[in-house]
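Here is the structure we will look at.
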Amino acid sequence: MSQNCAVILAGGQGKRMKSQMPKPMFKVLGEPMLEWVIKACEKSELADICVVKGYNADVIENYIDGRYTTVLQAERLGTGHAVMQAVDFMNSYLDGNILVLCGDAPFIDAETIKSSLKFHTEKNNAVTVITSVVENPFGYGRIIRNENGISAIVEQKDATDEQKNICEINSGAYWFKSRELISALYELKPNNSQGEYYLTDTISILIGKNHRADAFASDNPNVVLGANDRKGLLMLNTVARMAVIEKHMTNGVEFTCTDGITIENDVEIGAGTEILVGTILKGKTKIGDNCVIGPNCIIENCEVGNNTKLNYVQAFESKIGDNVKIGPFVHIRPNSVISNGVKIGDFVEVKNSTIGEHTAVAHLTYVGDSDVGNHVNFGCGCVTVNYDGSKKARTTIGDSAFIGCNTNLIAPVTVGNGAYTAAGTTVTKNVPDNALALDRGEFRIKEGYAIKKLKGKNEKDKNKK
Amino acid sequence: MSQNCAVILAGGQGKRMKSQMPKPMFKVLGEPMLEWVIKACEKSELADICVVKGYNADVIENYIDGRYTTVLQAERLGTGHAVMQAVDFMNSYLDGNILVLCGDAPFIDAETIKSSLKFHTEKNNAVTVITSVVENPFGYGRIIRNENGISAIVEQKDATDEQKNICEINSGAYWFKSRELISALYELKPNNSQGEYYLTDTISILIGKNHRADAFASDNPNVVLGANDRKGLLMLNTVARMAVIEKHMTNGVEFTCTDGITIENDVEIGAGTEILVGTILKGKTKIGDNCVIGPNCIIENCEVGNNTKLNYVQAFESKIGDNVKIGPFVHIRPNSVISNGVKIGDFVEVKNSTIGEHTAVAHLTYVGDSDVGNHVNFGCGCVTVNYDGSKKARTTIGDSAFIGCNTNLIAPVTVGNGAYTAAGTTVTKNVPDNALALDRGEFRIKEGYAIKKLKGKNEKDKNKK
Amino acid sequence: MSQNCAVILAGGQGKRMKSQMPKPMFKVLGEPMLEWVIKACEKSELADICVVKGYNADVIENYIDGRYTTVLQAERLGTGHAVMQAVDFMNSYLDGNILVLCGDAPFIDAETIKSSLKFHTEKNNAVTVITSVVENPFGYGRIIRNENGISAIVEQKDATDEQKNICEINSGAYWFKSRELISALYELKPNNSQGEYYLTDTISILIGKNHRADAFASDNPNVVLGANDRKGLLMLNTVARMAVIEKHMTNGVEFTCTDGITIENDVEIGAGTEILVGTILKGKTKIGDNCVIGPNCIIENCEVGNNTKLNYVQAFESKIGDNVKIGPFVHIRPNSVISNGVKIGDFVEVKNSTIGEHTAVAHLTYVGDSDVGNHVNFGCGCVTVNYDGSKKARTTIGDSAFIGCNTNLIAPVTVGNGAYTAAGTTVTKNVPDNALALDRGEFRIKEGYAIKKLKGKNEKDKNKK
């Protein structure tokens, strides 16, 4: 088993966010930055992860929920001090290496972690700084290389003019030999104006002990990116949004305008599918080939088949088949199955229901807690009455049934195969196969009604004067 | 009382806009550019404002509607001539200062007005040009400074190559001593190819009389911005949109993508609230903390509480409480009150109604002209019938009532506390507390209906052949 | 009749698109790139067009559908080989000129075609290369000019450092004298690593025969643009989208934010109309003056009058009059006529129907296969029941009729002028002018229902324990 682990620093507050939430819990593409960092570690097959929590530690604790070790940095005394809190964790991996990561730099990736570890061990480094070469290094710590690796990391405020021109910067991620890191941490001193223990000071301590320090420049320029305020968070989201969209374009997904489109990381989309403006795809959503999704769809944790068209649809935790056409203005709520060839028109809600193949639900209808067969036709304004004020019940509709307009189906009730319900009927009992259900009152005409009504109104108006 | 006033030049046409509307009436973030300028003056606590109208003067006149003095520039003879029309107005403030502003340069701000006035009076200037230092000064009048203030403003076409490199430009806004401005205006000559009276010529006139002319460089680079065509107007809107969004980010409002988001100037939003794509917030809207608004909401002149979620909601002139959840696809029309804890689902319209706490209106329902109690449950397809073709009336629903699906409530009518209406009922009389109302016809089944129908159809089809 | 024709090369695959579709069939602003090229030729009044198909030739064949000659390039042996396939076609125009165009470079324009032809014939060129001067020529063939026209086109990989600095590049479009082109094609040799016949080699062949070769630099920098992958296709769409939007701005159409707006090429929009975010205008849509369209409308092949407001409307193949107000959340399906002054509110579908002047359809209503008069008022939840499970039929409603809420109109049926239908009525027979139709059951009240229901529930709950 690997002896290489990660310590993720997640104690920061992010004052400029104006929030009670610890900074690593702010979301990029719908997921906390901390989760991005954890996922990169998981993909790198490290032995274990330890999360250092600090500001509003309960939020981190609840989020991690036992998945990994967490330790508390009770006081905010610098990055070195934060890593010190994980000494017990690190002592279990004394013969391995420790990756220190920032919980609010979400774009660290498994490829960088694995390549830098290979470099770190091959070079027999005590510490390897993961770096990035950027166009504008302003504000970042500069990497001072020498013939033997690196000699220092110089912060912006301490840099000479020459050093300020260095474009290789510190990402804030490091590999350390566990044993050397722990011994160096014990030698850290808060000799600075802030009175903090700086993790970067371990580098000169280790060099002083004739250990090797070196830098690994990542190909991914985004490893350095973090957010100190909402504007920075917007920037991270924009970088992530466009990267995901480009990934799907490479896979043959079509976008003619990307405005308002957000696709979360785990979403899968087949080739030939077109995603239209304003569409938001979330969670574990999987979309097949040659679909048209959008404009303005929200699809979360759904599986969608091939050749399906969704226009202004919101769908959650459901399954939608092949050759389905839905929209505009439709709401598919959780636990619904929309089978192949179904057509759902405008202003329809489906909830916790199965809709059989080639069934049509054209307009202004609610299908909830129902099992609907194949080739059923719903008229306009149909309602499955699934709640009587105290309990919920299911409706069953057989194949090829025809549900007339403005029908109420009072659950629990079954409409048989091939059965009809007349427009305006409230169905309170089961309808046998092929039967017609109706409850219509007597149809009456009152001749001249409008004339009398108008006369009455005119007289009333006259009396008012 | 202050002796300092503003004269706003609002006579321009904007030919390239292809419109009958005077240019200062074109809107930026939903408000005429003229109104932006007026508001900046109002925040600067000037004594009075005079608006010079010209092209389609009635539009300006009707818009100002007596709030301020307006004067007519009947002929279009230049900016100097425009200011001359305000001489009677300015004569009432002879001992003070006159701020001349362009009615179509909307981003002048109170801070600039107040700081430049302070500079103007402290330096004892006869005229102070408000300027901006920009990267690309092409097309603007350049400010020629000397040891004693400024010596001239040189237009693009008259500038030497050296002068063209000057990056300090004229914003078109000026402070004048009233008395000196008036006397200089009388000396203006239309000695130019256009035959116009140029306001900028007053500067050399005043310098010629040994008065002091100087320039105040505003920190706000946008004071110079105006629009000559629709493309320029789009640019002004973009600048204003992003500035407002940044202001809210600084206040702790979250945006993960700003596409299609427009927030007007007077909108207030609490910290921790997230605004999603395509959302338009207008007028005096005030949104609380920790809400999620969007995607694709339009909210105008509404007050929204804390922890409320609006998804595809259009709401106008209404009040929405705390912990409310509305959407998707909901329309809240004016004079509605949605109380705390209410849930409104899909395809619901509420108009001129009060919805009590924790009431649920799940789907496909219209609640209009109604007073609805707490903990009421509406089924699907309910309608408050508030109009009988000649008059409107109100519906009252008591606490904990249960309105069955496809119920019609014929107003005026009252449903008592805890009362039920059966699905499909048309309620024409008041329903007492805890009673059930129904009007269902006899439920009948016609066995074998579909088979006969099919047979009939087949025979008809056969006969056709 | 003109002797000048075009040969359009449309045989490419576009492997990186990850699609079975030939590359020229990918769409820009809703139209295949090939169609853009054909339209530019049509506007240039050329005598005829020949399309060279190759990869998945059937798709091209079916798309052209006999409009123009197509020829098959069975093997993919280079651009010269592709043009050779059109020799029979070209032989009919031996005394004229042949324009060779790329079927996947959509932005060639008629102005460029006509000006370059004039240049080509006036200069008596055997070949005229259409070129563009760009900022970044990387990857394109560079134009080598000399005192006598051009001497060569040098590809990126063959260019000297000096040649790499040349910013005039080959667009891939050429005019040839027909006779010279054909003879040069026969002399082409596949003397290159790919073993292909390059069309550009005809230039040196023609120069070698003392013919004149020259370059025409187009004013349109976009003539060179093509797409090799989905990212390139997105870029072409973005260029086209913004160009169309700018055209409409110049015409006096207002945009305060262009996010998510796509307007296809043939759409017409009147001055003073405002297009709001997320709006998609397609096909032959024509919109009048002073309308407000959006946000988030989809309008396809519709004619819309003046002063009309559409808010979240999807409308297809329909006609919408002046002073109409529709939305939010409305679906107008094909073959509908919405007359002047109509108001349609929320959650309404209209299909294959005529709605008379000043009629109101306020909410949650479906009007299908209907002829509705003027000044009709629809209540909420009305349904025209146009389908009985086997056939469709029409509904007719007279002027000033009043359709009560939740009315079902069972077609075929006629509601007379000024007639009323009571709320909840299912109208099965014609209603005479001014009459009232109703079918309401007896209205009953069951006192104390809720108390008994609650008691029953409590007892059941008790029994469960």
Side-chain angles (χ1 to χ4, degrees), chain A residues 245-246 248-261 271-272 274 276-278 290 295-296 311-312 327-329 345-347 362-364 377 379-381 388-391 402 404-406 420 422-425 438-454, chain C residues 16-21 26-30 229-231 233-234 237-238 241 259-260 262 278 280 296 298 314 329 331 347 349 364-366 368 381 383-385 387 389 402 406 408 410 418-420 424-429 431-442 450 453-454 457:
Chain A
I245 288 173
E246 288 204 11
H248 289 293
M249 284 198 285
T250 304
N251 292 342
V253 178
E254 183 154 332
F255 299 80
T256 55
C257 174
T258 61
D259 292 346
I261 295 177
E274 182 172 6
L276 296 171
V277 288
N290 300 315
N296 287 319
N311 170 1
Y312 273 73
F329 311 119
D346 40 46
F347 321 121
H363 19 222
L364 291 158
N377 189 90
C380 180
D388 71 352
S390 56
K391 61 183 189 309
F402 184 90
C405 295
N406 270 326
Y420 280 65
T425 300
L438 76 169
D439 70 347
R440 208 168 276 163
E442 190 198 355
F443 184 73
R444 289 157 286 160
I445 294 287
K446 294 191 181 176
E447 297 272 0
Y449 171 85
I451 294 159
K452 279 177 236 158
K453 188 181 165 88
L454 190 66
Chain C
R16 280 187 280 161
M17 297 292 188
K18 307 265 165 81
S19 168
Q20 304 294 94
M21 196 151 67
F26 278 90
K27 290 181 181 177
V28 171
L29 281 193
D229 54 18
R230 302 275 183 176
K231 207 172 156 182
L233 195 66
L234 171 59
N237 272 285
T238 303
R241 272 181 63 230
D259 292 346
T262 296
I280 298 173
N296 287 319
I298 300 179
Q314 299 202 1
F329 311 118
H331 190 195
F347 320 120
E349 174 185 336
L364 291 158
T365 283
Y366 168 53
V383 176
T384 54
V385 184
Y387 183 53
F402 183 92
N406 271 325
N408 297 306
I410 311 288
Y420 280 65
T425 300
T426 295
V427 178
T428 50
K429 295 175 193 149
V431 184
D433 290 358
N434 302 312
L436 168 72
L438 76 169
D439 70 349
R440 205 168 281 163
E442 189 198 354
K453 187 181 166 89
L454 190 66
K457 186 174 182 290

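Below, all heavy atoms of this structure are taken into account, side chains as well, without hydrogens, waters or symmetry copies. To find a chain, count down the sequence lines: A is the first, B the second, and so on, and within it residues start at 1.
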Which value, rounded to the nearest 0.5 Å, describes the distance between A:Cys405 atom SG and C:Tyr366 atom OH?
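Going from the SG atom of A:Cys405 to the OH atom of C:Tyr366 covers 8.5 Å.
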Could you tell me which of [options] has the largest number of non-hydrogen atom pairs under 4.5 Å with chain C?
options	value
A:Thr256, A:Asn296, A:Ile451, A:Asp439	A:Thr256
A:Cys380, A:Gly381, A:Gly404, A:Gly272	A:Cys380
A:Met249, A:His248, A:Arg444	A:Arg444
A:Gly379, A:Ala271, A:Cys257	A:Cys257

Side chains of [X] and [Y]: does their closest heavy-atom pair fall under 4.5 Å?
X	Y	result
A:Ile445	C:Leu438	no
A:Leu364	C:Glu349	no
C:Asp229	A:Thr250	no
A:Glu254	C:Phe26	yes
C:Val427	A:Phe443	yes
C:Phe329	A:Phe347	yes

Any donor-acceptor N/O pair, [X] side chain to [Y] backbone, under 3.5 Å:
X	Y	value
A:Arg440	C:Arg440	no
A:Lys446	C:Ala437	no
C:Arg230	A:Gly252	yes

Non-hydrogen atoms of chain A under 4.5 Å away: do they reach the side chain of [X], the backbone, both or neither?
X	answer
C:Ile298	side chain
C:Asp259	both
C:Ser19	neither
C:Thr365	backbone
C:Ile410	side chain

Can you say whether A:Ala362 sits under 4.5 Å from chain C via the side chain, the backbone, both, or neither, judging by heavy atoms?
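Backbone only.
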Between C:Pro432, C:Gly30, C:Gly278, C:Gly368, which shows the greatest number of heavy-atom pairs under 4.5 Å with chain A?
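The candidate making the most pairs under 4.5 Å is C:Pro432.
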When only pairs under 4.5 Å are counted, which of C:Lys27, C:Met21, C:Lys429 shares the most heavy-atom pairs with chain A?
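The option with the most such pairs is C:Lys429.
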Verdict with reasoning, A:Val277 to C:Ile280, per side chain to side chain contact (heavy atoms under 4.5 Å, CB included)
CA-CA 10 Å; A:Val277 288; C:Ile280 298 173; 4.2 Å; yes
Check [X] against [Y] and note the closest heavy-atom contact, atom names and distance.
X	Y	value
A:Ala450	C:Tyr420	CB-CE1, 3.7 Å
C:Leu234	A:Phe255	CD1-O, 3.4 Å
A:Ala423	C:Asn408	C-ND2, 3.9 Å

Verify whether one side chain among C:Gln314 and A:Asn311 offers a donor that lies under 3.5 Å from an acceptor in the other.
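Result is yes, a qualifying pair exists.
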